[in-house]
Amino acid sequence: MFLDPAIWGFLFEGLRETIYISLVSVALSFVVGLLFALGRLSRKRWIRWPSIFYIEGVRALPVLLLIVYFWIKGSALFRPIFGPDFDLPWFWAGVLGLSMYTSAVLAEIIRAGIVSLPRGQTEAARALGLSHAQTMRSVILPQALRLMVPAVMAQLTTVIKDSSLVGTIGVFELLKQGRTIYTQFFNPIEVLLIVATIYFVICFALSQASRRLEVGRAPREARVKIRDIELRDQAA
């Protein structure tokens with residue numbers, strides 16, 4: 001059966017759906033995670049405490065629970081906006097469930113990236129007359145986002161694996177397509193082995209790319225530190 005191109009085409013339709021769900025979920029969750037990370041770092045309590053509650057609360061929930069929740073209640077949540085006849089597609093129910101959980105994880109990654117930067121950069125920016133918003137936008141975030149690229153790629157790997165959960169609500173992603181095949185041909189071992197191999201190839205490639213980014217950043221950071229030391233010595 002695996003010599004039949006139609007079987008492979010059927011599997012790669014599921015792979016395409018898996019990639020779409022993962023990319024859309026990561027893009028959406030990054031925007032939401034950035035907002036909640038900045039909210040958690042805010043000096044205003046009415047912004048900081050709801051952000052902390054969202055991050056810690058959502059991270060404590062199972063991903064499947066969130067996906068099923070949006071599958072059951074998603075249409076009712078959006079009908080006040082899109083009208084009484086709106087019916088949330090299963091694809092977007094899965095995306096919203098994955099995005100909600102991933103946004104909480106990315107919020108902590110972004111916050112850690114911001115906090116890890118030397119405090120002197122913020123003080124220097126404020127000394128130059130920049131406001132807190134200008135300092136974040138022009139000085140802190142551009143550096144923090146570069147530091148977070150490997151962690152974001154690692155999270156994309158996790159989302160690709162977690163996307164298999166949306167098959168429980170009827171989305172025909174890669175694993176769901178595999179189930180359809182072995183239900184018809186009664187060969188679960190062979191089909192699941194091929195599905196696992198596809199997942200492995202994609203996730204391993206992303207893990208290697210993330211690792212290379214981490215390794216490549218170390219020499220650059222070392223050069224920056226050396227240059228800063230040289231400049232301080234010259235100033236002294």
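Cluster annotation: Ile169 and Phe172 are assigned to distinct hydrophobic clusters (Ile/Leu/Val/Met/Phe/Trp/Tyr, side-chain heavy-atom contacts under 4.5 Å, transitive).
A donor-acceptor pair under 3.5 Å is formed between the side chain of Trp8 and the backbone N or O of Phe2.
Taking 4.5 Å as the limit, some side-chain heavy atom of Val115 sits within range of a side-chain heavy atom of Arg111. Between Tyr199 and Leu175 the shortest side-chain heavy-atom distance falls below 4.5 Å. Inter-residue side-chain proximity for Val159 and Ser22 is flagged as met; some heavy-atom pair is nearer than 4.5 Å. A heavy-atom distance below 4.5 Å is not found between the side chains of Ser51 and Arg48. Between Tyr69 and Leu77, the closest side-chain pair of non-hydrogen atoms falls below 4.5 Å. At a threshold of 4.5 Å between non-hydrogen side-chain atoms, the residues Ile160 and Leu206 count as touching. Two residues are said to be in side-chain contact when any heavy atoms from C-beta on lie closer than 4.5 Å; Arg59 and Glu108 meet this criterion. Side-chain contact between Phe10 and Thr180: present, with at least one pair of heavy atoms (C-beta onward) separated by less than 4.5 Å.
Classification of Glu17 and Lys176 as a salt-bridged pair fails, no side-chain N sitting under 4.0 Å from a carboxylate O. Between Glu13 and Arg16 no salt bridge is recorded (no basic side-chain N to carboxylate O distance below 4.0 Å).
The heavy-atom pair separating Ser163 from Leu98 by the smallest distance is CA-CD1, 4.0 Å. Across all non-hydrogen atoms, the minimal contact from Cys203 to Thr157 is CB-CG2, 3.5 Å. Scanning all heavy atoms of the two residues, the minimum distance from Val26 to Ser29 falls at O-OG, 3.0 Å. Residue Ala107 comes nearest to Phe36 through the heavy atom pair CB-CB, 4.2 Å, listed as atom of the first residue, atom of the second, then distance. Residues Leu147 and Gly113 approach most closely at CD1-O, 4.3 Å, considering heavy atoms. Scanning both residues, Trp90 and Val171, for their nearest heavy atoms gives O-CG2, 3.5 Å.
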>> side-chain contact (heavy atoms from CB on, under 4.5 Å) for Val32 and Leu106? Distances and angles first, verdict last.
In response: CA-CA 9 Å; Val32 177; Leu106 287 179; over 6 Å; no
>> One pair to check against side-chain contact (heavy atoms from CB on, under 4.5 Å): Leu34 and Leu141. What are the steps and the verdict?
In response: CA-CA 10 Å; Leu34 177 61; Leu141 281 180; 4.0 Å; yes
>> Checking Leu96 against Phe91 for the side-chain contact (heavy atoms from CB on, under 4.5 Å) test, could you report, in this order, the C-alpha distance in whole Å, the side-chain angles of both residues, the deciding distance, and whether it holds?
In response: CA-CA 9 Å; Leu96 290 174; Phe91 175 90; over 6 Å; no
>> Let's go through Val24 and Trp92 carefully: what are the C-alpha distance in whole Å and the side-chain angles of both, what is the deciding distance for side-chain contact (heavy atoms from CB on, under 4.5 Å) to 0.1 Å, and is it a yes or a no?
In response: CA-CA 9 Å; Val24 174; Trp92 286 104; 3.8 Å; yes
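Within 6.0 Å of OH in Tyr20 there are 12 or fewer heavy atoms belonging to other residues, nucleotides or ligands. The local environment of CZ in Phe53 is sparse, with at most 12 non-hydrogen atoms from other residues, nucleotides or ligands closer than 6.0 Å.
Side-chain polar atoms of Tyr54 and Ser103 form a donor-acceptor pair below 3.5 angstrom.
The aromatic rings of Phe204 and Phe200 lie parallel to each other, their planes meeting at an angle below 30°, with 60° marking the opposite boundary.
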